[in-house]
Amino acid sequence: MGSLFRSEDMCLAQLFLQAGSAYDCISELGETGLVEFRDLNPSVNCFQRKFVNEIKRCEEMERILGKKHTNHIVPSLLNVAGMSVNIFISGLIQRPKIEAFERMMWRVCKGYTILSYSEIDEYLEDPDTGEPTKSVVFLISYWGELIGQKVKKICDCYHCHLYPYPSSREERTDHLVHRSLMCSVLWSQVLLRTDDYLRQVLKKASESVYTWYIEVKKMKAIYYVLNLCSLDVTNKCLISEVWCPVGDLGAVRQALEEGSRKSGATLPSFVNRIPSNDTPPTLIKTNKFTSGFQNIVDAYGVGTYREVNPAPFTIITFPFLFAVMFGDLGHGLIMAVFAFWMVLYENNRKLKNTRNEIWNTFFEGRYIILLMGLFSIYTGLIYNDCFSKSLNLFGSGWSVKAMGSDIAANRFLILDPNITGVFKGPYPLGIDPIWNLANNRLTFLNSYKMKMSVILGIVHMSFGVVLSVYNHLHFRKKSNLYLVFLPELLFMWCLFGYLVFMVVYKWLAFSAAESKTAPSILIHFINMFLMQSSGNQLLYPGQIGVQGFLLVIALLSVPVLLLGKPLYLYWLHNGSQRLGMYRVRGLTLTLPSGINFGDEFLHQGIHTIEYCLGCVSNTASYLRLWALSLAHAQLSEVLWRMVMHLGLRVDTSLGVLFLVPVFGLFAVLTVSILLVMEGLSAFLHALRLHWVEFQNKFYSGNGIKFSPFSFALLASSFDHDGFP
């Protein structure tokens with residue numbers, strides 16, 4: 001969890017690449033994806049850099065491959081097969097001359113001829129000398145009249161004996177008709193087989209077009225990186241600067257060694273770590289499970305280098321707060337099953353590589369949806385709510401027999417534990433199912449969920465304040481523990497932590513019989529700020545004194561938070577006007593000589609006002625947990641009553657047939673309204689609670705994201721967008 005809790009420790013390194021091995025070294029670094037290159041030629045125009053011509057050639061090849069889509073490249077290349085073959089020339093040539101004849105034919109005709117020959121076993125009489133000689137029969141096919149003239153001249157030069165034409169017109173006509181018929185049959189067979197062969201070859205080649213396209217993209221990316229490098233004075237070495245995780249320097253050295261080995265360079269390329277005062281980029285290593293939650297955090301802002309990362313805590317708190325607002329056993333089960341299906345088929349290319357942005361959003365957040373569904377199942381069990389109906393798993397702890405006369409007279413069920421014999425004991429898990437039938441159900445659930453929302457909000461915000469301690473300690477600002485963290489925590493706990501205490505104390509100290517006379521928490525909380533009792537019943541003895549003490553502590557923490565840090569910096573800086581090192585209780589602090597205390601006071605003043613007012617508004621903001629939970633439950637109940645209830649009321653023989661379309665309508669409305677629309681609403685509200693109420697207590701989000709040179713990211717972008 002170390003890397004996920006805080007970003008990786010980064011360093012600035014210098015690469016010395018030999019000119020002959022620079023391309024292969026950059027390629028190996030692209031395969032590892034461990035470094036981010038810096039531009040060492042910021043003043044040079046992009047059209048004036050060294051490898052601009054190579055990039056242009058890659059772009060041209062990319063354009064050509066982009067035009068030749070996989071489904072169209074075969075027909076376009078098969079058009080070559082439509083070129084017409086002209087005339088066949090056949091004849092005899094002496095055996096010793098055939099090799100020279102073949103070479104001459106290839107050189108002169110440049111491959112536009114096809115020469116086939118076969119040696120004749122018996123000796124033939126030479127027509128010129130009359131002597132028996134070994135001969136070879138040949139057949140030449142060629143394209144175009146110009147090539148035909150060259151072929152005939154070569155045959156004359158090598159004293160080839162060509163087959164003569166028939167002498168008379170009739171013989172030539174008969175010969176032409178006969179040969180044409182034979183040639184047409186033969187030609188159709190040749191073309192058919194050639195077409196099939198070319199189609200198979202080109203189809204196999206088209207399967208590699210995507211690979212070629214990726215390779216061209218890689219080449220273009222490598223030359224782009226080479227343009228970021230600078231040349232040394234000898235123009236034999238390329239120098240580049242990269243950000244790299246400290247723990248991966250060994251892998252970078254190994255990649256450079258591998259690149260040098262592949263290029264056959266005599267001098268190796270090497271890496272050298274250099275000091276830097278620049279703020280490094282932020283790198284948080286994730287996997288397929290944590291990447292979705294990290295994206296939620298990064299959408300607020302990329303974390304400042306080495307500050308606490310909220311993502312590991314968001315993995316639990318985000319789906320939980322979502323489930324508090326969305327809690328329904330049935331809806332959560334549907335959501336969890338849908339997410340589990342996406343997780344099960346997460347390696348399916350058809351699901352991963354689509355151009356539907358909405359589907360891509362769901363698919364990339366499949367683990368978030370899975371946890372939201374599982375937590376919704378849990379909160380649905382706590383609320384005892386499944387499609388607006390309660391599940392009686394353990395038997396109700398209430399008995400309404402003692403209220404029989406009242407129910408018969410009023411036809412209303414109002415649960416009151418003060419009636420003797422009504423309440424037997426609490427339900428083992430969650431809310432008792434009888435509350436689903438009671439007319440005072442909303443009164444009970446509103447009180448329960450409202451107080452639960454306040455308690456969860458105070459705990460969540462307090463946890464965010466506590467996490468700021470790790471930032472103060474890591475950045476060696478121990479004074480902030482006393483001048484920032486402690487006043488913030490005291491202000492929140494003395495006021496709103498005390499509110500949580502009163503809620504819990506009232507639950508424990510007052511019985512059902514005393515509930516009607518129990519004092520109001522809201523009235524006492526208001527009187528705490530007014531510093532008066534108003535004659536109301538106290539929750540506990542000494543309440544007025546405790547409230548006054550807590551209020552004084554909270555008020556005193558405000559000036560400490562406002563003035564403590566600026567005055568402390570002024571006190572440290574007052575003894576020196578130059579760059580100095582101060583050691584205070586084991587703390588080493590470096591202050592610039594030109595510190596602006598006006599800016600410090602202004603910044604701390606804004607922070608104090610924002611925090612103090614934010615504690616009030618943020619606490620009220622968590623009441624959305626109560627509001628959305630109530631709204632989701634009411635919408636679910638309305639949908640059941642308006643749709644399914646009508647279908648179930650039909651008790652005739654046609655009721656079953658009528659129930660089929662009613663259930664279909666209920667399913668469609670449930671998915672579209674309660675799962676999609678209500679789910680999106682709860683998701684956005686949970687997002688707001690994490691960004692504003694939780695993360696702003698310790699997370700600044702002012703960092704720069706680490707952007708490595710990686711071929712894997714290059715290929716994944718093509719898979720996501722689709723091949724052009």
Side-chain angles (χ1 to χ4, degrees), residues 289-300 310-343 358 361-388 430-431 445 448-450 452-461 463-464 618-636 670-696 699:
F289 176 74
T290 60
S291 61
F293 297 96
Q294 188 62 52
N295 290 335
I296 290 178
V297 174
D298 291 344
Y300 174 82
F313 316 105
T314 304
I315 294 175
I316 300 300
T317 59
F318 184 86
F320 175 72
L321 292 183
F322 170 88
V324 171
M325 295 179 279
F326 191 77
D328 188 287
L329 176 61
H331 300 159
L333 183 61
I334 295 174
M335 183 178 293
V337 170
F338 171 66
F340 182 74
W341 172 78
M342 290 191 292
V343 171
I358 297 178
T361 302
F362 280 104
F363 190 78
E364 291 175 1
R366 57 192 178 277
Y367 288 100
I368 301 177
I369 299 175
L370 177 61
L371 288 184
M372 291 192 304
L374 294 177
F375 275 91
S376 296
I377 294 175
Y378 166 73
T379 54
L381 288 173
I382 298 300
Y383 296 158
N384 202 347
D385 199 351
C386 180
F387 298 111
S388 78
I431 296 176
L445 291 180
Y448 165 72
K449 292 184 177 180
M450 180 179 63
M452 176 196 66
S453 300
V454 173
I455 294 174
L456 291 178
I458 298 300
V459 172
H460 197 212
M461 290 189 296
F463 180 60
N618 293 348
T619 303
S621 180
Y622 278 93
L623 292 177
R624 70 184 70 233
L625 299 175
W626 157 49
L628 266 76
S629 175
L630 178 64
H632 185 81
Q634 292 301 306
L635 281 174
S636 181
T670 297
V671 173
S672 60
I673 297 178
L674 296 180
L675 263 72
V676 178
M677 294 180 61
E678 280 288 302
L680 179 61
S681 175
F683 180 90
L684 294 177
H685 283 284
L687 201 64
R688 145 79 195 226
L689 291 177
H690 279 77
W691 282 355
V692 179
E693 278 71 28
F694 174 60
Q695 291 182 188
N696 71 347
Y699 185 72

Can you check whether [Y]'s main-chain N or O pairs, donor with acceptor, with [X]'s side chain at less than 3.5 Å?
{"X": "Ser636", "Y": "His632", "result": "no"}
{"X": "His690", "Y": "Ala686", "result": "yes"}
{"X": "Trp626", "Y": "Val454", "result": "no"}
{"X": "Asp328", "Y": "Phe387", "result": "yes"}
{"X": "Thr379", "Y": "Ser376", "result": "yes"}
{"X": "Ser453", "Y": "Lys449", "result": "yes"}

Is the closest side-chain heavy-atom distance between [X] and [Y] below 4.5 Å?
{"X": "Val297", "Y": "Tyr699", "result": "yes"}
{"X": "His460", "Y": "Leu456", "result": "no"}
{"X": "Thr619", "Y": "Met461", "result": "yes"}
{"X": "Arg624", "Y": "Arg688", "result": "yes"}

For the pair Phe289 and Ile315, evaluate side chain to side chain contact (heavy atoms under 4.5 Å, CB included) and give the outcome as yes or no after the intermediate values.
CA-CA 9 Å; Phe289 176 74; Ile315 294 175; 4.0 Å; yes

Give, for atom [atom1] of [X] and atom [atom2] of [Y], the distance between the pair rounded to the nearest 0.5 Å.
{"X": "Asn696", "Y": "Asn618", "atom1": "CG", "atom2": "CG", "result": "6.0 Å"}
{"X": "Thr670", "Y": "Leu635", "atom1": "OG1", "atom2": "CG", "result": "11.0 Å"}
{"X": "Leu374", "Y": "Phe320", "atom1": "CG", "atom2": "CZ", "result": "14.0 Å"}
{"X": "Met450", "Y": "Met452", "atom1": "CE", "atom2": "CE", "result": "11.0 Å"}
{"X": "Tyr622", "Y": "His685", "atom1": "OH", "atom2": "NE2", "result": "14.0 Å"}
{"X": "Ile458", "Y": "Glu693", "atom1": "CD1", "atom2": "CD", "result": "11.0 Å"}

Determine, using ring centers only, whether Phe463 and Phe313 are less than 6.0 Å apart.
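So the answer is yes for these two rings.
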
What residue among Thr314, Leu687, Leu625, Ile316 forms side chain to side chain contact (heavy atoms under 4.5 Å, CB included) with Leu321?
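The residue from Thr314, Leu687, Leu625, Ile316 that satisfies side chain to side chain contact (heavy atoms under 4.5 Å, CB included) with Leu321 turns out to be Leu625.
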
Side chain to side chain contact (heavy atoms under 4.5 Å, CB included) for Phe338 and Leu675? Distances and angles first, verdict last.
CA-CA 11 Å; Phe338 171 66; Leu675 263 72; over 6 Å; no

Check [X] against [Y] and note the closest heavy-atom contact, atom names and distance.
{"X": "Met335", "Y": "Gly373", "answer": "SD-N, 3.9 Å"}
{"X": "Trp691", "Y": "Ala299", "answer": "CZ2-CB, 3.5 Å"}
{"X": "Leu329", "Y": "Cys386", "answer": "CB-CB, 4.0 Å"}
{"X": "Leu628", "Y": "Ala682", "answer": "CD2-CA, 4.0 Å"}

Quick one: do Tyr300 and Val692 satisfy side chain to side chain contact (heavy atoms under 4.5 Å, CB included)? Show the steps, please.
CA-CA 9 Å; Tyr300 174 82; Val692 179; 5.8 Å; no

Please lay out, stage by stage, how Tyr383 and Val324 fare under the test side chain to side chain contact (heavy atoms under 4.5 Å, CB included).
CA-CA 9 Å; Tyr383 296 158; Val324 171; 3.6 Å; yes

Can you confirm whether more than 12 heavy atoms, excluding those of [X], are under 6.0 Å from its [atom1] atom?
{"X": "Ile358", "atom1": "CD1", "result": "no"}
{"X": "Tyr378", "atom1": "OH", "result": "no"}
{"X": "Phe362", "atom1": "CZ", "result": "no"}

Of Tyr367, Phe683, Phe293, Phe375, which is the lone residue that meets ring-ring contact (aromatic ring centres under 6.0 Å, His included) with Phe318?
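By the ring-ring contact (aromatic ring centres under 6.0 Å, His included) criterion, Phe318 pairs with just one of Tyr367, Phe683, Phe293, Phe375: Phe683.
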
